[in-house]
Amino acid sequence: MGTSDTHLFLSLMQIFILCFICFIAKVEASNKKLSGFYVFGDSTVDPGNNNYIKTPFRSNFPPYGRDFPNQVPTGRFTNGRLATDYIASHVGLKKDVLPPYLDPNLRIEELMTGVSFASAGSGFDPLTPSMTNVIPIEKQLEYFRECRKRMEDALGKRRIENHVKNAAFFISAGTNDFVLNYFALPVRRKSHSILAYQQFLIQHVKQFIQDLLVEGARKIAITGVPPMGCLPLMITLNSPNAFFQRGCIDKYSSIARDYNLLLQHELHGMQLQLNMSTPDAKIYYVDTYKPIADMIQARKRFGFDEVDSGCCGSGYIEASILCNKLSNVCLDPSKYVFWDSIHPTEKTYHNIFLAGLSTIDFIANN
């Protein structure tokens, strides 16, 4: 190779390296468009806030957490990570899991990148969290305001205003309002038809979203409810034969479908109004019904063996304190859609995360 060829080769190498560095920088930048990730809701997104309050709705003991790093029972109602942990890791916030806000050891850096305010057992209906002394959705919003004040005191009001504007806000609740409240107790059923109750919940959803917008949130995602008739506990309580007839109870799953459609319609209406008043504010619906229904209906395709019972205990009724260190636990939770009689396994949560990946990426990059 001559001198001129060597110089040409080196020049081409420099251009290639420069282009590669630019590409990597662009990829990294695209993964860091979110400034933070703030989560509200129930046990589907509670990483352990209930550890710090007086409630029987806890899971900070074995066998919960058996597949979490170091087998720590963190207070997550599953054997490992939640979907929101996978989201936090994916969007480039330099964290593998999303911590609970009530953890007294959190540093300001953790508050900035994201926390969960969620509380297992909570819901949109104010009656739901009062039944088990957990954190109401409104109180979770108060905790966010407190969190924001702590960040402002450390870094200044203007910077945090911009930070909140570029953060994602995620809401996952509603199942407890039906399963633990409306279906189980007569109070709301006496005063509300199922349609009236669905509309009642959605009014609370809309108010919560409005409150987040007032706080400066501009990227808000909310999930629907899962196929409630497929929860092992609902099958046990409502099947004609809880041992031998363990198919999904469509009466309850159809209520979930109706609620999800109503919710999507109302969110669309809200978005149309926001397009006029606050054009940079976006509301996203995240479907959890279809991913779970798909896993149940096409179990083998997803590598599942058991879809109608949980991994913990009998899998029919156990959850929270009934799923404990004395409970028998299945050998391989990855073969189960459900960890206990209500909550999904880590594998199911990971599949839900994968199913919502296109929406997650769109939110992160816009």
Side-chain angles (χ1 to χ4, degrees), residues 22-41 44-49 81-103 105-118 137 140-172 208-223 267 270-271 274-275 277-286 353 356-366:
C22 289
F23 172 74
I24 294 296
K26 190 174 181 181
V27 169
E28 287 185 347
S30 71
N31 284 339
K32 291 180 181 175
K33 282 205 171 181
L34 285 186
S35 58
F37 185 46
Y38 299 99
V39 176
F40 307 82
T44 56
V45 289
D46 178 4
N49 283 307
R81 289 190 283 179
L82 303 170
T84 39
D85 293 315
Y86 290 112
I87 294 171
S89 176
H90 174 74
V91 296
L93 293 171
K94 295 183 179 177
K95 61 203 315 170
D96 292 325
V97 294
L98 197 70
Y101 174 68
L102 293 184
D103 181 347
N105 299 313
L106 291 185
R107 304 186 314 278
I108 196 73
E109 293 82 10
E110 290 276 27
L111 299 182
M112 288 289 288
T113 50
V115 290
S116 174
F117 305 92
I137 293 279
Q140 293 178 31
L141 184 64
E142 283 182 34
Y143 280 138
F144 171 71
R145 293 188 183 114
E146 179 184 275
C147 172
R148 179 179 179 148
K149 180 72 167 59
R150 289 168 66 183
M151 293 189 293
E152 286 177 352
D153 289 346
L155 297 160
K157 195 166 186 176
R158 181 169 291 184
R159 180 176 171 184
I160 298 308
E161 191 175 300
N162 192 54
H163 172 78
V164 169
K165 185 178 177 181
N166 290 295
F169 292 76
F170 189 90
I171 309 159
S172 176
F208 187 71
I209 291 173
Q210 290 287 1
D211 291 342
L212 284 177
L213 290 166
V214 169
E215 292 302 314
R218 291 298 178 264
K219 300 179 180 185
I220 302 171
I222 180 165
T223 70
L267 294 178
M270 284 189 79
Q271 185 64 66
L274 287 170
N275 290 344
S277 62
T278 318
D280 60 337
K282 304 296 178 189
I283 304 170
Y284 303 90
Y285 174 78
V286 180
F353 157 72
L357 202 49
S358 59
T359 304
I360 294 161
D361 285 339
F362 187 83
I363 296 169
N365 294 313
N366 288 279

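Worth saying up front: this structure is predicted, and the values here are computed from it rather than measured.
F37 pairs with exactly one of L93, V115, I363, T113 by the side chain to side chain contact (heavy atoms under 4.5 Å, CB included) rule, that one being L93. Evaluated for a side chain to side chain contact (heavy atoms under 4.5 Å, CB included) with R148, the options E152, R150, E146, R145 yield exactly one hit, E152.
Taking all atoms of both residues into account, the shortest heavy-atom contact from L82 to D46 is CD1-O, 3.7 Å. Across all non-hydrogen atoms, the minimal contact from A217 to L213 is O-CD2, 3.4 Å. Closest non-hydrogen pair, V91 versus A364, comes out as CG1-CB, 4.2 Å. Taking all atoms of both residues into account, the shortest heavy-atom contact from L274 to I283 is CD1-CD1, 3.5 Å. Closest heavy-atom contact between V97 and P99: O-CD, 3.6 Å.
Aromatic rings of F117 and Y143 (six-membered ring for Trp) have centroids beyond the 6.0 Å cut-off, not under it.
Expressed to the nearest 0.5 Å, how far NZ of K219 lies from CG of L34 amounts to 5.0 Å. Rounding to the nearest 0.5 Å places CE of M270 at 10.0 Å from OG1 of T278. How far CD1 of I209 is from CG of L212: 7.5 Å, rounded to the nearest 0.5 Å. To the nearest 0.5 Å, atoms CG (L141) and SG (C147) are separated by 11.5 Å. We find the NZ-NZ distance between K157 and K149 to be 9.0 Å, quoted to the nearest 0.5 Å. Annotation: the span from L267 atom CG to Y285 atom OH amounts to 8.5 Å, rounded to 0.5 Å.
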Run the side-chain contact (heavy atoms from CB on, under 4.5 Å) check on V164 and F144 step by step: do they pass? CA-CA 11 Å; V164 169; F144 171 71; 4.2 Å; yes
Checking D103 against E110 for the side-chain contact (heavy atoms from CB on, under 4.5 Å) test, could you report, in this order, the C-alpha distance in whole Å, the side-chain angles of both residues, the deciding distance, and whether it holds? CA-CA 11 Å; D103 181 347; E110 290 276 27; over 6 Å; no
Can you list the steps and then say if H90 with D85 is a side-chain contact (heavy atoms from CB on, under 4.5 Å)? CA-CA 9 Å; H90 174 74; D85 293 315; over 6 Å; no
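A donor-acceptor pair under 3.5 Å links the side-chain atoms of Q271 to the main chain of A281, judged by distance alone. Remark: the backbone N or O of Y101 is paired with a side-chain donor or acceptor of N49 at under 3.5 angstrom. A donor-acceptor contact shorter than 3.5 Å is absent between the side chain of D280 and the backbone of R218. No donor-acceptor distance shorter than 3.5 angstrom exists from the side chain of K95 to the backbone of A88, with no hydrogens or angles considered. Although no hydrogens or angles enter the test, the distance criterion places no donor-acceptor pair under 3.5 Å between the side chain of H163 and the main chain of G36.
Partners of N366 under the side chain to side chain contact (heavy atoms under 4.5 Å, CB included) rule, at least two apart in sequence or in another chain, are F362. Partners of S172 under the side chain to side chain contact (heavy atoms under 4.5 Å, CB included) rule, at least two apart in sequence or in another chain, are D42, T44, V45, F170, T223. Here A167 pairs with S35, Y38, F169 under the side chain to side chain contact (heavy atoms under 4.5 Å, CB included) rule; sequence neighbours left out.
Applying the 6.0 Å contact sphere to CG of N166 captures more than 12 heavy atoms from other residues, nucleotides or ligands.
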